[in-house]
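Some notes on the structure that comes next.
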Amino acid sequence: MHDDRTLVEARLKRVLEERVRPAVYPESVPLAVSVWTAPGEPVPVAEGLAAPRSPIAVGDAWGAPWSTSWITVSGTVPESWAGRTVEALIDLGFDANMPGFQCEGLVYRPDGTPVKGLNPQNQWVRIAAPAVGGEPVLLHVEAAANPVILDYHPFLPTELGDRETAGDKPQYRLARMDLAVFDETVWQLVLDLEVLGELMAELPVDGARRWELLRAVERALDAIDLQDVNGTAEDARSHLAGVLAAPAAPSAHRIGAIGHAHIDSAWLWPLRETVRKVARTAANMTALLEDEPDFLYTMSQAQQFAWIKEHRPEVYARVKKAVADGRFVPAGGMWVESDTNMPSSEAMARQFVHGKRFFLAEFGIENEEAWLPDTFGFTGGLPQIIRNAGSKWLLTQKISWSQVNRFPHHTFRWEGIDGTRIFTHFPPVDTYNCSMKGSEIAHAARNFKDKGVARHSLAPTGWGDGGGGTTREMVGKAARLRDLEGSATVRWERPAEFFAKAEAEYPEPPVWVGELYLELHRATLTSQARTKQGNRRSENLLREAELWCATAALRTGLAYPYERLDRIWKTVLLHQFHDILPGSSIAWVHREAEATYAGLAAELEELIGAAQQALAGDPAGGRELVFNGAPHGRSAVPAGGAAVAAGAAVAAAGPGDCVVAAREGGGFVLDNGLLRVVVDGDGLVVSAVDAASGREAVAPGARANLLQLHPDFPNMWDAWDVDQFYRNTVTDLVGADEVAVHAEGPAEVAVRVARSFGSSTVTQTLTLRAGSGRLDIDTEVDWHEVEKFLKVAFPLDVHTERYAAETQFGHQFRPTHTNTSWDAAKFEACNHRFVHLAEPGWGVALVTPSTYGHDVTRAVRPTDGGTTTTVRFSLLRAPRFPDPRTDQGLHRFRHALVPGAEIGDAVREGYAVGLPERRVTGSAEAVRPLVELDQDSLVVSAVKLADDGSGDLVVRVYESGGGRARGRLATSFALAAAVPCDLLERPWDGTRGEVVADGDGVRLALRPFELVTLRLTPAG
Ligand SMILES: [Zn+2]
């Protein structure tokens, strides 16, 4: 037979697009349209409904950036349409080539009940089926003129990302606003032809099934009268029924589809717009659930449910009902889909605490899966947190975005730093926006790496970010793919059902140990430094606020601020969303985030101040008390307690005093008996000798605290990415405007260094304090560069193949070399408070309260053959998309070099550098800590009152060194009971180490990096 395949395929394409699809709406009449534009920010629904309208016509421009227009459409169903299905078609001026990321609407009835959302791929509103002739139609649309930020020419700088700079030029033109007859038979024919045509394209050309589909499609096309598609659609469909009924092969891949809309809690729009995006999508999805009995929808992020509850109660009522029916499925059990690299141990834990608690309280549902489809990499600390939250599964597809290496599994057990294993699935469809296209379904089946031993994968299906979620067309296609020869099978399936099935069929999947590093978006550890500092500052202040408020509550009866802490935590957790903390949002989001963090800091300082004053007693007592919120004792002040400040330094110089002297040839020598630091005439550190060992930390011939500037213009995703070639060009900022002694006294010596480069200036203060083996470096940068990357380098005389970087509840190791493509791809990585390098018996720590990005490289010196391992912290970038002025202006950083540091020193100094002592005047002689640990590697990560208001104390402890640790947690109050709990503070028997109540204390034996949450009930 002659091969006419391409001819028939081209015919299908043209007939479908030009004749069949337009025939879905064979008749239409225009609707009358009028509009009112809210003068500023969005108004309540009642106000928008009631506002006076002015006429507007199809083709007219509307919508200044970020403005809201209330558009009213009205008309009458023609008498001749009686008995037919009638829909309104409302096209706000959508670009249907982009499923979201533009204008959107939410349709209301005149009484204020929501109908559904309007999105580029979802422009219909069902009026009646069957319709009554002469019926009036009146609908109101709350239309948001969200501007397009990420265009066809992506990543161009734009001023549209902030209402303050966006101008008032209308962004859209009203397009079709019609009342139309909907021909369901033609609509079904479109789906038949799409499904078969798309499947056909994926099948082997030499296979019989492909040709069976081709011939069936040809017969259907022959049956269509192009002048009467509506009259012949039924007959055309009959020619396709046979091939659509042929069942899938027994070995076919099985896809569990779940309705989904990935909605970024802020990104190319501000937080306030997400509130509305979520409401539109939830309105759409609850409507679709009513229309489609097999369909299931999932939504993650408790915050988004909370927004609907607060701001769109009419939509929330529908959500609650659909959840109760088991069809609208809350997923993930987290407050938001957060970043996981940067949040602290406690914050990562609280993401689950607040997420799960919300779903339990609102719906009585406890999620067992963590749902993070779009998060930029996953730390080795996360598995233990997931398990301690009472969950056991993880879903993400993001690792498929890695630039270099293909991950070897789609279903596997992921093992964290403590040995916890979490059953993990990466949907092989490689997207969280599956649209049921044949190419996606075939890709999932082909791509699935675990074929032969497993058969199931998950496909999150629907448009996110203003796309409105799953469409009825996707549901229609999924129905055809349920059991279709040549295709993977598709069934709507809840995430938990999928995971249970996948785990049952694959009880011994492969294991991946350690972090799931995303080989992309590495610059999100650095972009928008002020947002990142706001996060870290909030985390530290929350630790202090909980500690001191709990201490004051138990000691003095001061009321514990449950509600304020709950609200502040939720705000901090929200800002850890995977486009806010990573710095990849528009200027508006980061401007607001900085203001929000400042407000939280003020509020937390007030809580801390009040609690400490209650503990310190009457200021008239005149005693200066030093409070230590860090988990280790310092300056004779116990961890979690306070002591009277030591007297003024003795007049005579002693052996531990700080001294600074001029250095021959320029520069200064700083010495405090523990550490001797030499700063050269350029203000660079040429020597740092740890007195205890006599060992030099700085590599011979090298200079530390060296600021380095790179060009930084990635190929795409400006705020997200730093591409490896950035390293090819570097400028060392060695020229100093000033190198001078800044402080000189027995307690502290400091050298100040000022530099200027490009349009920027930097001032650094290098400080040595009495009794401290740490060189503190405070850096102030007035940053006015464009597309540059600023790093500070510490070339160290350490020979090691790996280094440690702190993560949640421990640290993870990464190589210092680039042996494999996996090693080489980690050229920018995350640390929490420290990076530590060691040879057996001696190490160096670099600690920081607020820098997350770093890189570590190694070189062998030609002079002496020794190894120089260089750690560089990443201070600032200056990408121009999506915020054209990212990071411009003043920044302050602190870093510290700790020569001679073991891992325990790195942990201690990491905490200390971010949790300075506080001084309060009062009458008390001391504040005894509520709990004390007698083992340094056991670290308290939180002391707080139980969230249930019982008055119990909750203490979270973890093993911080990566080894076994035995110790005793002593309480300074009579203890009635001590119960190990999960993160939600519920009694839990999952603790792997030993927890034994022992009088007024608890004996602990923890495994490497193990965390344990204790609920301590005071007696009486
Ligand atoms: Zn996202």
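Both ligands and their constituent atoms are indexed starting at 1 by order of listing. This chain uses plain numbering: 1 for the first residue, then up along the sequence.
- Under 4.0 Å is where a charged nitrogen must lie from a carboxylate oxygen, and between Glu473 and Lys477 no such pair does.
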_Evaluation steps, salt bridge (Lys or Arg N to Asp or Glu O under 4.0 Å), between Glu159 and Arg885_ = CA-CA 10 Å; Glu159 295 293 348; Arg885 279 172 289 279; 2.8 Å; yes

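- Panel detail: the Zn ion (ligand 1) has protein N, O or S atoms under 2.8 Å away, 4 in number.
- With respect to Glu164 and Arg591, a salt bridge is recorded, a charged nitrogen being found less than 4.0 Å from a carboxylate O.
- Residues that satisfy the side chain to side chain contact (heavy atoms under 4.5 Å, CB included) test with Ala459, not counting sequence neighbours, are Ile255, Val429, Cys434, Thr461.
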*What's the verdict on salt bridge (Lys or Arg N to Asp or Glu O under 4.0 Å) for Glu142 and Arg312, showing C-alpha distance, side-chain angles and the deciding distance?*
CA-CA 13 Å; Glu142 181 189 16; Arg312 289 291 197 271; 2.5 Å; yes

*Decide side-chain hydrogen bond (donor to acceptor under 3.5 Å, both in side chains) for Thr68 and Arg276; before the verdict, give the C-alpha distance in whole Å, the side-chain angles of both, and the deciding distance to 0.1 Å.*
CA-CA 11 Å; Thr68 298; Arg276 302 198 297 174; 3.1 Å; yes

